[in-house]
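The structure under discussion appears below in the form of structure tokens.
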Amino acid sequence: MAAMATVTHVTKITHHSAINPSSIFTSCFRNSLVLVCYLVLLLSSTISPSFGLSGVGEEDENRGSDLYPEILRDEVVARLHQLGVVSDGDGYLERTFMSPAAVRAGNLIREWMEDAGLRTWVDSLGNVHGRVEGRNASAEALLMGSHLDTVVDAGKFDGSLGIISVLAALKVLSINGKLGELSRPVEVIAFSDEEGVRFQSTFLGSAAVAGILPVSALKITDKSDVTIQDALKKNSIEITEENLLQLKYDPKSVWGYVEIHIEQGPVLEWVGFPLAVVKGIAGQTRLKVTMRGSQGHAGTVPMSMRHDPMAAAAEAIVLLESLCKHPQDFLPFDGHCKSFSMKSLSTSLVCTVGEISTWPSASNVIPGQVTFTVDLRTIDDMGREAVVYEFSNRMYQICDKRSVSCTIDRKHDADAVICDSELSSKLKSATYIGLKRMTGGAIQDEIPVVMSGAGHDAMALSHLTKVGMLFVRCRGGISHSPEEHVLDVDVWASGLAILAFIETQM
């Protein structure tokens, strides 16, 4: 995977440009027909939809000191709510890269890191670090964490849970005098930007640590023409091209990266299980489509003489929906690539048009220009490229038919990531241990193993080291919304699982 894969970059494809797919892509295409070969991946293990923690109560808290409800549950929940009101928005949660609220959140998280017994610092891209060296400061470090930024009108758990729960587990070890017994350093990182809201460039913080953030990114501007470099300088952080490159961790100094995150989907609630091990993260492509036609008066231009980019955009968006719902109807599969399956593509492919704008945007004017975004995700990178290829070709046909021009800016690409089998195995064992402590008995159900359709900082860190992830059940599968919610008992379960995982490093 190229170093640029998880950071924003722009590749423009115009209507008159020749499309030159890569060699691996073209090997499965003949006679202008798109042949999709999609790798079959197991999305989950056999699981029972009956497991729950609703019966855990005060009698369980008193069973032994290994449950630590006052820290792993009560304190984590309180801190989630405390961080959830640190916002730039009035009446809603919003924290974007280096905004006033993001800086306040970082300072608060740093206090909590120090409360857990960690040495702390803020790097030159605004990432907040907390580290304990353990018995061998020169050993490869275990990195853990998530992001402190949010989307607009966000929930309180996305990103924050993965930071606060880890700190709570380390605090338990600190209270018990075991923090210094770790066999390797453990470092918690609260990444300054994952969502990409302000600069439309995802994984700024983790990409810098992984060494895949290009120096040109410092000149990316927000809607107010403030650059990333300016935003950092405003907060007394001087960053140059040289010290950006110095943020990259030496791969030889890192043992692995583990991230705990809410599922942001409904699977765990459906199967009735609080936690799941993540097998991999879907790859993603973001496009910006611009269509230009003839601007005119809504009442005087006959329908037969219009070159309306709005109608062209509407047709293209409906086409995209059909393509992503039924890729087998658009992408002929002749069975030559035996390791791939169209059925897998059909079940994992998701496409979204999340933003659309027009110019001049008046009710009595035929627009002269329409712009919309496309977010396309699937676990197989070749299948993703096939869909982008097919959508592009068919969209150009629509533009030809309607006599409008169109361009596609390829704004972001992230290859799919498969989580490390060793880390996944350790996380699964730790989950068993944590849940067994809570229930006081053996866990009969298999720990679910799922794929992630959402992107995470683990995608960027996979360029640096092996990665593993643990998902936590969220109510209704709702995320990126004020309705986002995790039950207190599930917060507790995740904390116990994290504690058990860190204890494997003793």
Side-chain angles (χ1 to χ4, degrees), residues 60-76 79 109-121 127-146 161-190 209 249-260 275 277 420-438 440 461 464-470 491-506:
D60 301 282
E61 296 181 18
N62 297 326
R63 190 173 60 249
S65 61
D66 57 349
L67 293 179
Y68 306 103
E70 69 284 355
I71 299 175
L72 298 179
R73 184 192 62 196
D74 301 344
E75 185 172 89
V76 171
R79 287 179 170 180
I109 290 169
R110 190 172 182 179
E111 290 178 11
W112 295 337
M113 288 178 170
E114 292 170 351
D115 179 54
L118 309 183
R119 174 176 61 88
T120 67
W121 70 96
N127 298 314
V128 183
H129 301 250
R131 183 178 173 106
V132 58
E133 301 298 347
R135 289 184 283 108
N136 185 1
S138 63
E140 296 174 325
L142 166 62
L143 305 183
M144 305 182 77
S146 195
L161 178 63
I163 300 167
I164 297 172
S165 288
V166 172
L167 292 179
L170 291 171
K171 183 175 179 177
V172 167
L173 294 179
S174 178
I175 290 172
N176 291 339
K178 296 181 178 180
L179 200 57
E181 297 179 15
L182 292 166
S183 62
R184 66 177 71 254
V186 174
E187 185 172 324
V188 183
I189 309 177
V209 170
Y249 278 39
D250 181 356
K252 295 179 181 178
S253 71
V254 180
W255 179 72
Y257 172 75
V258 170
E259 183 169 357
I260 290 80
L275 305 172
V277 174
D420 179 72
S421 58
E422 177 190 2
L423 285 176
S424 295
S425 177
K426 288 179 180 294
L427 285 169
K428 180 179 283 191
S429 297
T431 299
Y432 272 119
I433 293 170
L435 295 179
K436 183 178 179 180
R437 287 175 179 175
M438 289 193 74
L461 269 295
L464 175 71
T465 186
K466 60 188 179 185
V467 301
M469 287 195 72
L470 188 70
V491 169
W492 192 11
S494 68
L496 284 167
I498 297 163
L499 177 61
F501 174 78
I502 295 176
E503 286 174 338
T504 65
Q505 307 300 314
M506 302 294 285

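The basis for the numbers below is simple: all heavy atoms, side chains too, and nothing from hydrogens, waters or symmetry mates.
For S425, there are no side-chain hydrogen bond (donor to acceptor under 3.5 Å, both in side chains) partners at least two apart in sequence or on another chain. Contacts of T431 classified as side-chain contact (heavy atoms from CB on, under 4.5 Å), with partners at least two apart in sequence or in another chain: L275, L435, I447, L470, A497. Checked against side-chain contact (heavy atoms from CB on, under 4.5 Å), T120 has the following partners two or more places apart in sequence or in another chain: R110, M113, E114. Checked against side-chain contact (heavy atoms from CB on, under 4.5 Å), A137 has the following partners two or more places apart in sequence or in another chain: E133. In this structure, R135 has no side-chain hydrogen bond (donor to acceptor under 3.5 Å, both in side chains) partners at least two apart in sequence or on a different chain. In this structure, the salt bridge (Lys or Arg N to Asp or Glu O under 4.0 Å) partners of K466, at least two apart in sequence or on a different chain, are E422. Applying the side-chain hydrogen bond (donor to acceptor under 3.5 Å, both in side chains) test to S146 and every residue at least two apart in sequence or in another chain returns E259. Every residue meeting the side-chain hydrogen bond (donor to acceptor under 3.5 Å, both in side chains) condition with D115, not counting sequence neighbours, appears here in chain and number order: R79, K171.
Annotation: the span from L170 atom CG to L118 atom CG amounts to 5.5 Å, rounded to 0.5 Å. Within the model, atoms CD of E111 and CG of L167 stand 12.0 Å from one another, a figure rounded to the nearest 0.5 Å. Interatomic distance, OG of S165 versus CZ of R73, reported as 13.0 Å (0.5 Å rounding). Of the inter-residue distances, the one linking I71 atom CD1 with L499 atom CG reads 10.0 Å to the nearest 0.5 angstrom. In this structure, I433 CD1 and L496 CG are separated by 11.0 Å, a value rounded to the nearest 0.5 Å.
Judged by distance alone, with hydrogens and angles left aside, the side-chain atoms of S494 form a donor-acceptor pair with the main-chain N or O of V491 at under 3.5 Å. Between the side chain of W492 and the backbone N or O of L67, at least one donor-acceptor pair lies under 3.5 Å.
At least one side-chain heavy atom of I260 sits less than 4.5 Å from a side-chain heavy atom of M144. Taking 4.5 Å as the limit, every side-chain heavy atom of Y257 sits out of range of all side-chain heavy atoms of I189. Within the 4.5 Å cutoff, the side chain of L423 has heavy atoms near those of the F501 side chain.
Every pair passing salt bridge (Lys or Arg N to Asp or Glu O under 4.0 Å) that includes a residue from residues 496-506 is listed here, sequence neighbours excluded: R437-E503.
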Would you give me the side-chain donor-acceptor pairs under 3.5 Å for residues 175-184, sequence neighbours excluded?
from : atom 1 : to   : atom 2 : distance (Å)
N176 : ND2    : Y68  : OH     : 2.8
N176 : ND2    : V172 : O      : 3.4
S183 : OG     : Q505 : O      : 2.6
R184 : NE     : Q505 : OE1    : 2.7
R184 : NH1    : E140 : O      : 2.7

